[in-house]
Amino acid sequence: MRMNVAGVVVVIAFLASALIAADAETAPAIPRLGIPEYNWWNEGLHGVARADIATVFPQAIGMAASWDVPLMQKVANVLGTEFRAKYMAKVRPNGGTDWYRGLTVWSPNINIFRDPRWGRGQETYGEDPFLTSRLGVSFVSELQGSDSKYLKAIATPKHFAVHSGPESTRHTVDVHVSRHDLEDTYLPAFRATVMEAKAQSVMCAYNAVNGEPACANGTLLQEHLRKDWGFQGYVVSDCGAAADIFIPDGHRFAPNAQVGVTAAFEAGMDLICGDYRNNMSTELTGIVGAVRHGLLPESVLDRALTRLFTARIKLGMFDPPGGNIYSKITASQNDTPAHREIALRMAKESLVLLKNNGDLLPLKETPGVIAVIGPNADNLDALVGNYNGTPSRPVTILAGIRARFPQSKVVYVQGTGLVGADESSDQAVEAARKADLVVMVAGLSAHIEGEEMKVNADGFAGGDRTSLDLPAPQEQLLQRVQAAGKPTVLVLMNGSALGINWADQNVPAIVEAWYPGGQGGTAVAALLAGDFSPAGRLPVTFYKSVDQLPPFDDYSMSKRTYRYFAGEPLYPFGYGLSFTTFGYSNSRVSKADVAATDNVTVCVDVANSGAVAGEEVVQLYLTHPGVPGAPLRALKGFQRIHLDKGEKRTVLFTLRARDLSIVDESGKHRIVPGRVDVWVGGAQPVSRKGLTPPAGMKTQFAITSGATLPD
């Protein structure tokens, strides 16, 4: 069949439109082939987001505080089920779907929370590449399902790579990062989710890396992702990142759309998500023009389309429903009681007890009068964080306390806004004076920390923070409430570390609740009552102030995170208290001398030596004394275990070659001969005045030969 030039352009334009995920119409149907339209954009950080009612789990940073890989798998399984339920409920007769009701999920966010000022850090699993990797692998593998033929949903680890604020420069910044930091910090979680969990999609970031925009970066998309890691899926741009390659207020890496989209598709990007700053037809016109003018080979478009349609085939979108086990999921399996129970369990496990002077908690008797004070006490926004769904039965902290303590008189006064004063501050102080117990619920919300936004308040800028302090109106009210002289519990709801120095010195009990999800109030109230012993552990360092940090826009890991920060933190990474105590004994290694090809087994006995049953997060850290490029210490294993009162258990860790390696200046993972110090305990082996020293034990072994590991 002969086709004229105009006809060729029409075909190219049609195919090009299938590569842009701007709205439901831009991945059009092909009726003669029975292919329905499809919208690729779906969000699922901690529940099905932006699609009405769904089970809402704690924000990602809160789930990371659980340090519970098996529970994260349960969460991801629920997400996969609810995405399928939404898809089945909204699929059109022609097979198309609405925004946020598809099966290609743009989660998890596995960027490293390198600086607490970053507003989107709440979406991540914290500052450590090992913890992030383990949680990321469990999320991706369980969301995608275990069927040998079909995928339950497709996970999309993001944002590849190095993306970590500031929000105000994300469309223009060119991050010059060392090979060491790239391999040691920024890439490990992506490598793990691709190689271990077989992620079927990856999202490229807004920022440029070492001179090339992430979505047109051959080093990232070809050398690392496809060559080294064997990635077989498709790459989608962050929304607007493709335009950032060429628009004037972007990177200006390319002079126009034709050159820009050519660079991106040739580097390995397969799907464009547009954004409000750019008419999506610009990318479409750029693709068509690039092909017409010989810049972009049709074979490159064919490659992208093949990857995209392979994904839809694996999801079973073109098959009759009978053969796909996931097509049996119905709309009724969204937001079930069983799913909300998992959300409640995750909320409980995410709570971190930061301080408990005089064992104020758990409460020894039911208070006659409880004063609940603060801007987050009855605030739905503080439950759900960002990129969230809508909980059907949300329980705020106030509601949870009222339900758990029905015999108490619960008095609620907001007292202050998040960042602005409130006329009820005097009433709040008066309520505190008359109470037997004060619970002040303070912190932040996704309205003042988050993704690229305008915030008109001291200490905030563009979604990020310029100060780690509790907002001044809240700090002032807290001090007045504490001065009332009644037992006070400070409950924090936030997505990033707060420098609560005054509270640490003056408030007897402090609970970090994060954004705890739809059932968060029930979880917090249960902790206060002692229905369970808290075992959440910090996935980030709580610094005392920004004075301890390098400049926000400095992406070097020097002096950042527990791995390279030598100062004294307010609360260290891995820290958290319990209502019981644990003892460690009999730590041992399988070999005193280890060759580069050997695995090492580390064992320790852990006993619950306290008065109640509880859970402990057993953490293993390695230190390579005197080895250039090695961190101060690095997490290489963890297990969350339950122990009844008086129970003892042996906990075993297996360290493999990559666990034993360090990253040198050239970015190579090397096993270096020499002594390796091992710490196994309930937290890092660091403390300060005012903190309970961590329980744990030291041991060591020696590496007797060296090796360079494959990328």
Side-chain angles (χ1 to χ4, degrees), residues 110-115 118 124-134 136 157 159-165 173-195 204-205 207-212 214 217-225 227-229 540-541 549-567 573 596 621-636 655-677 703 706-711:
I110 54 171
N111 293 131
I112 297 301
F113 199 174
R114 65 180 178 86
D115 192 301
W118 186 31
T124 75
Y125 298 140
E127 70 182 39
D128 182 68
F130 184 84
L131 178 63
T132 298
S133 296
R134 295 305 94 209
H159 309 82
F160 190 58
V162 194
H163 184 67
S164 52
V173 66
D174 181 8
V175 179
H176 287 267
V177 60
S178 70
R179 276 281 181 172
H180 172 273
D181 287 349
L182 197 63
E183 294 287 348
D184 181 63
T185 297
Y186 293 116
L187 294 186
F190 287 99
R191 181 183 189 274
T193 52
V194 168
M195 295 190 70
C204 52
N207 54 276
V209 178
N210 294 334
E212 292 183 321
N217 193 301
T219 300
L220 293 177
L221 301 183
Q222 294 296 334
E223 178 185 333
H224 291 295
L225 189 61
K227 176 177 171 289
D228 293 342
W229 305 342
V540 290
T541 300
L549 294 168
F552 189 7
D553 57 3
D554 178 359
Y555 288 79
S556 168
M557 292 307 298
S558 175
K559 302 180 182 179
R560 289 192 182 280
T561 76
Y562 81 94
R563 300 166 72 232
Y564 296 102
F565 172 68
F573 172 90
Y621 296 88
L622 297 184
T623 298
H624 298 260
V627 175
L632 299 172
R633 69 189 61 83
L635 180 73
K636 293 299 179 182
L655 302 174
R656 297 175 173 84
R658 208 162 186 91
D659 302 314
L660 302 179
S661 70
I662 60 93
V663 178
D664 66 15
E665 289 185 356
S666 68
K668 293 297 183 181
H669 287 260
R670 296 175 52 234
I671 297 178
V672 179
R675 190 182 88 225
V676 179
D677 294 333
I703 297 176
T708 299
L709 304 183
D711 295 328

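Positions are given from 1, in the same order as the sequence printed here. Since the structure is predicted, the reported quantities are computational estimates derived from the model, not experimental observations.
With sequence neighbours excluded, the residues satisfying side-chain contact (heavy atoms from CB on, under 4.5 Å) with S133 are P188, A189, A192. Scored by the side chain to side chain donor-acceptor pair (under 3.5 Å) test, T541 finds E127 as partners (sequence neighbours excluded). Y186 meets the ring pair (Phe, Tyr, Trp, His ring centres under 6.0 Å) test with no other residue; sequence neighbours excluded. Residues forming a side chain to side chain donor-acceptor pair (under 3.5 Å) with N210 (at least two apart in sequence, or on another chain): none. The ring pair (Phe, Tyr, Trp, His ring centres under 6.0 Å) test applied to Y564 returns no partner, not counting sequence neighbours. Residues that satisfy the side-chain contact (heavy atoms from CB on, under 4.5 Å) test with P710, not counting sequence neighbours, are absent from this structure. The side-chain contact (heavy atoms from CB on, under 4.5 Å) test applied to V672 returns V627, I662, R670, not counting sequence neighbours. Applying the ring pair (Phe, Tyr, Trp, His ring centres under 6.0 Å) criterion to H159, with sequence neighbours excluded, gives H163. With sequence neighbours left out, the side chain to side chain donor-acceptor pair (under 3.5 Å) criterion links Y562 to D128. Taking R656 as the reference, nothing meets the side chain to side chain donor-acceptor pair (under 3.5 Å) condition, with sequence neighbours excluded.
For residues 552-566, the pairs satisfying salt bridge (Lys or Arg N to Asp or Glu O under 4.0 Å) are D115-R560, D184-R563, with sequence neighbours left out. Sorted by first then second residue, the salt bridge (Lys or Arg N to Asp or Glu O under 4.0 Å) pairs that include residues 174-183, not counting sequence neighbours, are R179-E223.
R114 places a side-chain N or O within donor-acceptor distance of the main-chain N or O of F552, the cut-off being under 3.5 Å. For the pair N207 (side chain) and V175 (backbone), a donor-acceptor distance under 3.5 Å is absent. Side-chain atoms of H180 come within 3.5 Å of backbone atoms of G629 as a donor-acceptor pair (strictly under, hydrogens ignored). Checked by atom type and distance alone, the side chain of T219 never pairs as donor or acceptor with a backbone atom of N217 at under 3.5 Å.
Using a 4.5 Å heavy-atom cutoff, the side chains of Y621 and D677 are not in contact. Side-chain contact between I703 and I671 is present, with heavy atoms from C-beta onward closer than 4.5 Å. L221 has its side chain within reach of F160: a pair of non-hydrogen atoms, C-beta onward, lies under 4.5 Å apart.
Atoms OG and OH, on S178 and Y555 in that order, are 14.0 Å from each other to the nearest 0.5 Å. One finds the CG atom of L225 at 12.5 Å from the CZ atom of R191 (value rounded to the nearest 0.5 Å). Taken to the nearest 0.5 Å, the CG atom of L632 stands 12.5 Å off from the NE2 atom of H624. Rounding to the nearest 0.5 Å gives a distance of 10.0 Å between CG of D659 and CG of L635. Between the CG atom in N111 and the OG1 atom in T132 there is a gap of 9.5 Å [rounded to 0.5 Å]. To the nearest 0.5 Å, atom NZ of residue K636 and atom CG of residue L622 are 7.0 Å apart.
Of all non-hydrogen atoms in A161 and A214, the two that sit nearest each other are N-CB, 4.3 Å. Considering every non-hydrogen atom in both P129 and T185, the closest pair reads CB-O, 3.8 Å.
The aromatic rings of H224 and W229 sit tilted relative to each other, their planes meeting at an angle between 30° and 60°.
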(request) Quick one: do W118 and T124 satisfy side-chain contact (heavy atoms from CB on, under 4.5 Å)? Show the steps, please. (result) CA-CA 11 Å; W118 186 31; T124 75; 3.9 Å; yes
(request) Test T193 against I110 for side-chain contact (heavy atoms from CB on, under 4.5 Å), laying out the working first. (result) CA-CA 9 Å; T193 52; I110 54 171; 3.7 Å; yes
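Within a 6.0 Å radius of NZ in K668, no more than 12 heavy atoms belonging to other residues, nucleotides or ligands are found.
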